[in-house]
Protein chains: 2
Amino acid sequence: MATFSLPHQSHLFSSSTLQTRTRPRCTISTKVRMSLQETGPSLAVVGVTGAVGQEFLSVLSDRDFPYRSIKMLASKRSAGRRLPFQDKEYVIEELTAESFNGVDIALFSAGGSISREFGPVAVDKGTIVVDNSSAFRMDEKVPLVIPEVNPEAMENIKLENGKGALIANPNCSTIICLVAATPLHRRAKVKRMVVSTYQAASGAGAAAMEELEQQTREVLDGRPPTCKIFKQQYAFNLFSHNASIQLSGYNEEEMKMVKETKKIWNDPDVKVTATCIRVPVMRAHAESVNLQFEKPLDEDTARDILKNAPGIVVIDDRATNHFPTPLEVSNKDDVAVGRIRRDLSQDGNQGLDIFVCGDQIRKGAALNAIQIAEMLL
Amino acid sequence: MATFSLPHQSHLFSSSTLQTRTRPRCTISTKVRMSLQETGPSLAVVGVTGAVGQEFLSVLSDRDFPYRSIKMLASKRSAGRRLPFQDKEYVIEELTAESFNGVDIALFSAGGSISREFGPVAVDKGTIVVDNSSAFRMDEKVPLVIPEVNPEAMENIKLENGKGALIANPNCSTIICLVAATPLHRRAKVKRMVVSTYQAASGAGAAAMEELEQQTREVLDGRPPTCKIFKQQYAFNLFSHNASIQLSGYNEEEMKMVKETKKIWNDPDVKVTATCIRVPVMRAHAESVNLQFEKPLDEDTARDILKNAPGIVVIDDRATNHFPTPLEVSNKDDVAVGRIRRDLSQDGNQGLDIFVCGDQIRKGAALNAIQIAEMLL
């Protein structure tokens, strides 16, 4: 686990009641890591003070990601702050065009406008940008990648040739949904998917997590809740996702799920509808997913497929009523799938209902981006 | 509003941050009410100390329900406690077979086993029982009624003839879903419905609401949460509904929605699937409902139908991102409907997505039962 801590990180973000740690996937000896780090790529983390930026560091550390250097980049406001990471202390630098000189891989999570401004600049300097924003996701020249789902999408991008490139990280809800749905899609071809989400505060950033905590304290004390990030009470409440509403009546978060699924599955005909809801949970999303298949797929076969699929843990114990929860997947790499059952509203084995939970900051953002970066090594 | 307060009712159950009051539907002068009360039915409230029992009193009061007498019935444990209500103070009596002597209408909300034991006893004594439990809902001789949806189901039950009868109040999630879906069903015939719920603590009773409040304080203080009602952390978390899981893999709450919808719509062929999830909200349920129609129904027509339907308020302001929330409907009579939009995963106007919120204790239980009782007057 990373050794830093920013002021905004109250125990709510780290206490065992709200989170459980995953062990590093591979434990490389310090000696081996040092040698890897002499030869590994030079990294830059853009938006290092944000919730996802912090998680980038945590995941790099947990996975012993090899690097020979790493730049901590943020806005002018944070520049100059010291940031201890692994065995060193770093000084946060202001993001500028020059920041990318000599950088092999840049992990971006500083919002769409920063990505649109600095992503192309970094690419011109020969940097491969893994961008967590929505800026380039639907650009047909930019691969939109979930390593467990469509690694082939980035087969033409290589670190060796020193050419810059953009790779987009999908929306967090899309990633969590498709990690679970894709193994079933491969077997039975999903023709229609109806998704309802239960989205955590973290999707709106660290400040939203703080607002949920502060509001909850205020409401418990009988005081009016402070609403800054969201314009309505979040504590003990839920509401339609705050993304703007399009002419279709869908909000942008829902349309990301609809459009990104078609691109990632390379299937313009798959039918998807989504209703995205924000719930008073800190950092993991849940999704209720109804699947309609072209070919029959029975429940037991589906469960076996999911148990053997990468990036998935099946939690589906009917006897003890133990199924995935946001808390149980918080700070975990795997997406949890449960409530796997034949959809009684469809004939035979043409459909399934499943319930999925995944850590929004980790697999929904930082981990997926770093898995993409690992594919470049 | 009723003038009582039980110890378990902290400000969380009554503060304006968590609740807003509705005005009484009709304000009858005290004089008129007195005369009505000389001629009104004799009432009994079974389970008066529970969350729904308390709401029975609140709704009776808000609606100036006429009665000439009212018995406050509960378990031996609560018997003898004084309960101020409207202009009088009552003593809570222990529920026994004799409790129903001379009682015209009994409102039951004390759990299925109490209903199974005392419901038939009350009927034998000539009492019309409006039962909020699931004990008799699927009994084909017992009408399962939502007054806005299927009033015709109880046309043969009359107070005048002094004959006892059972009338079942549907499951709270079913009521809230069908109040919203039925006006659209009447126009375009729903052939398939996919529901995902966001259910409040109140559905598990007052003790569950207290547990959510206590756990939240504990987690905010960094202490381990006390889990009595639910076997896992509820604060800042959500989980699959705690009802037991059937062989189908559906839990009982989900099967209630599937079966009760068929009975209430008198349509054994309607396809329904549901995923029921408990979220950390106090007293109002939310539901994401995907509808597939037999006949086309465009979004604007659907919105007009809903605006003119009984028991519904449409909250669907895309410009300000204002849609139904559990908080906004808490202590309100109406079910709120919003996010009304054409389902992009279906051709033409064959389907809609809607998002529905309703007060679980009120329209989901007490209000619906008292509306049934009003139909008997």
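Below, chains carry the letters A, B, ... as their sequence lines are ordered, and counting in each starts from 1.
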Inset, instruction - Nearest 0.5 Å please: distance from the OH atom of B:Tyr198 over to the OG atom of A:Ser196. - result: 4.5 Å
Inset, instruction - Heavy atoms only: give me the nearest B:Glu299-A:Ser248 pair and the separation to one decimal. - result: OE1-O, 4.1 Å
Legend entry - Close side-chain approach of B:Thr275 to A:Arg341, heavy-atom, < 4.5 Å: yes
Legend entry - Test item: A:Arg339 side-chain N/O and B:Gly249 main-chain N/O as donor-acceptor pair under 3.5 Å: yes
Inset, instruction - Tell me, for B:Leu352 versus chain A, whether the close heavy atoms (under 4.5 Å) come from the side chain, the backbone, both or neither. - result: neither
Inset, instruction - Please look at B:Asp343 and chain A and tell me whether the side chain, the backbone, both or neither of the residue comes under 4.5 angstrom of a heavy atom of that chain. - result: both
Inset, instruction - Look at B:Val258, B:Val281, B:Asn321 and state which one has the largest set of heavy-atom pairs under 4.5 Å with chain A. - result: B:Asn321
Inset, instruction - Drop me the distance from A:Ile245's CD1 to B:Phe323's CZ, to the nearest 0.5 angstrom. - result: 4.0 Å
Inset, instruction - Measure B:Ala201 against the heavy atoms of chain A and call it side chain, backbone, both or neither at under 4.5 Å. - result: neither
Inset, instruction - Go through the atoms of B:Gln215 and report whether side chain, backbone, both or neither lie under 4.5 Å from a heavy atom of chain A. - result: neither
Legend entry - Portion of B:Ala274 that has a non-hydrogen atom of chain A nearer than 4.5 angstrom: backbone
Inset, instruction - Starting at CZ of B:Arg217, measure out to CG of A:Asp221 and round the result to the nearest 0.5 Å. - result: 6.5 Å
Legend entry - B:Asn237 CG to A:Ser330 OG distance, which is reported to the nearest 0.5 Å: 7.5 Å
Legend entry - Heavy-atom pair count under 4.5 Å with chain B, highest-scoring of A:Lys191, A:Met193, A:Glu254: A:Glu254
Inset, instruction - Given side chain to side chain contact (heavy atoms under 4.5 Å, CB included), test B:Leu344 with A:Met255 step by step and report yes or no. - result: CA-CA 10 Å; B:Leu344 298 178; A:Met255 287 313 296; 3.7 Å; yes
Legend entry - Option in B:Gln232, B:Lys271, B:Arg318 with maximal non-hydrogen atom pairs under 4.5 Å from chain A: B:Arg318
Legend entry - Atom group of A:Ala284 that falls short of 4.5 Å from chain B, counting heavy atoms: neither
Inset, instruction - For the pair A:Lys231 (side chain) and B:His322 (backbone), establish whether a donor and an acceptor sit closer than 3.5 Å, ignoring hydrogens and angles. - result: no
Inset, instruction - Nearest 0.5 Å please: distance from the CE atom of A:Met209 over to the CZ atom of B:Phe236. - result: 10.5 Å
Inset, instruction - Name the option with the most non-hydrogen atom pairs under 4.5 Å to chain B; the candidates are A:Tyr250, A:Phe239, A:Phe355. - result: A:Tyr250
Legend entry - B:Asp316, part contacting chain A, at a heavy-atom distance under 4.5 Å: neither
Inset, instruction - Would you mind telling me which of B:Val272, B:Leu238, B:Val279, B:Val270 has the largest number of heavy-atom pairs within less than 4.5 Å of chain A? - result: B:Leu238
Inset, instruction - Taking the side chain as every heavy atom from C-beta outward, state whether B:Gln346 and A:Val194 have any pair of such atoms under 4.5 Å apart. - result: no
